[in-house]
Amino acid sequence: MDKEKFDLLYEGKAKKVYKYNENELLIEFKDDVTAFNGLKKSNVVNKGKINKKISEFFFKMLNKESINTHYIKEYDDSSFIAKWTNLIPLEVIVRNFAAGSFCKRYGVEKGYKFDDTLVEFSLKDDNLGDPMITKDAILLLKITSEDVLEQIETISKRVNKILSNYLKSKHIILVDYKLEFGLAKKDGRLTLIDEISPDTCRFWDDNTMESFDKDVYREEKGNLINAYEELFRRLNI
Ligand code: TMP
Ligand code: ASP
């Protein structure tokens, strides 16, 4: 596309980030998909466009509910303009049902419904394999302040209510998801960043428990793009 005119600041496994202007970024969603810290890799035509549309849909919904997200506006089919933030190197994992690494860690059956929402943290560091980290260690290592950490937890739970309620009306269960946060370059405000897509969430049909997310790829349960398109269709975007 015409993005060569922007400076590429960072290329991750699923996105490219360009400088749009002093306070804004251009975020491009790639067709690449990876799992298990990049050990498994493929290219799936249209994945970038679908994930951009789904992320955009959720960010707009959250912005309307006064959650400060980085989403500003669409740029093209596979990219949007976002607030430039200084990333807080944490992955915030929110769980409503047991799945994935939680089941492996504790030997719990997949689908076990938690009485309350569980918020966990990982240190965002690919070389270390994003290890889990406690709140005390986050504070001792001065990754962020106690006040910001508390706000992150509160916002993550509010996001859970908003998204879970919406998805419920579409007969989809929000099983778990990953959020990232940054502090806006312009005004220092805590901002929800990154993406909210089937790459970073688990979505199950509330009747059949069929997955509409990256588990289709991780566990080789079928065609990834068909699952993402089915989610897209159900969301009425
Ligand atoms: P997990 O069960 O593998 O820990 O994943 C929990 C949720 O977080 C799941 O919805 C997928 C998402 N996730 C990411 O978006 N990126 C990651 O690197 C990992 C490990 C999980
Ligand atoms: N996002 C990670 C990777 O690409 C892990 C995962 O989602 O399974 O390797």
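All values below were derived from every heavy atom in this structure, side-chain atoms included, with hydrogens, water molecules and symmetry-related copies excluded. Sequence positions, counted from 1, serve as the residue numbers for this chain.
In this structure, K221 places its NZ atom where more than 12 heavy-atom neighbours from other residues, nucleotides or ligands lie under 6.0 Å away. Counting non-hydrogen atoms of neighbouring residues, nucleotides and ligands closer than 6.0 angstrom, the NZ atom of K168 reaches no more than 12 such neighbours. Residue-environment remark: CZ (F114) exceeds the threshold of 12 foreign heavy atoms within 6.0 Å. Heavy atoms of other residues, nucleotides or ligands lying less than 6.0 angstrom from NZ of K13 number more than 12.
With hydrophobic clusters built from ILVMFWY side chains whose heavy atoms lie under 4.5 angstrom apart, I54 does not share a cluster with I72. With hydrophobic clusters built from ILVMFWY side chains whose heavy atoms lie under 4.5 angstrom apart, F29 does not share a cluster with Y18.
Considering T144, N68, I155 in turn, I155 is the only one that fulfils the side-chain contact (heavy atoms from CB on, under 4.5 Å) rule with L190. Residue E74 forms a salt bridge (Lys or Arg N to Asp or Glu O under 4.0 Å) with just one option from K53, K52, K49, and that option is K52. Of the listed residues (I88, L87, I93), just one forms a side-chain contact (heavy atoms from CB on, under 4.5 Å) with L90, and that residue is I88.
The aromatic rings of Y20 and Y75 sit perpendicular to each other, their planes meeting at more than 60°, with 30° as the lower class boundary. Between W204 and F97, the ring planes are tilted. Angles from 30° to 60° get that label.
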query = Stepwise, does the ring pair (Phe, Tyr, Trp, His ring centres under 6.0 Å) test hold for Y106 with F102?
reply = CA-CA 6 Å; Y106 303 118; F102 188 92; 4.8 Å; yes
request  = Could you walk me through whether N37 and D130 pass the side chain to side chain donor-acceptor pair (under 3.5 Å) test, one step at a time?
outcome  = CA-CA 9 Å; N37 206 14; D130 300 336; 6.0 Å; no
request  = Please report the C-alpha distance between S101 and R95 in whole Å, then the side-chain angles of each, then the deciding distance to 0.1 Å, and finally whether the side chain to side chain donor-acceptor pair (under 3.5 Å) criterion is met.
outcome  = CA-CA 11 Å; S101 70; R95 300 181 190 272; 3.1 Å; yes
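The ring pair (Phe, Tyr, Trp, His ring centres under 6.0 Å) contacts involving residues 160-195 comprise F57-Y166, where partners must be two or more places apart or lie in separate chains.
Using modelled atom types, no side-chain atom of H70 and backbone atom of W84 make a donor-acceptor pair closer than 3.5 Å.
Between the side chains of S55 and N51, not a single donor N or O lies within less than 3.5 Å of an accepting N or O.
Using a cut-off of 4.0 Å between Lys/Arg side-chain N and Asp/Glu carboxylate O, D176 and R202 are scored as salt-bridged. Ion pairing between E28 and K30 fails under the 4.0 Å rule for side-chain N and carboxylate O. The existence of a salt bridge linking K135 and E146 is excluded, since no basic side-chain nitrogen approaches an acidic carboxylate oxygen closer than 4.0 Å. In summary, R105 and E120 engage in a salt bridge, as defined by a charged side-chain N under 4.0 Å from a carboxylate O. Of the charged side-chain nitrogens involved, at least one lies within less than 4.0 Å of a carboxylate oxygen, so that E230 and R234 count as a salt-bridged pair.
Counting heavy atoms from C-beta outward, I67 and V159 have side chains that approach closer than 4.5 Å. Contact check for I81 versus L26: side-chain heavy atoms found under the 4.5 Å cut-off.
Both tests pass for K40 against the ring of Y217: distance under 6.0 Å to the centre and angle within 45° of the axis.
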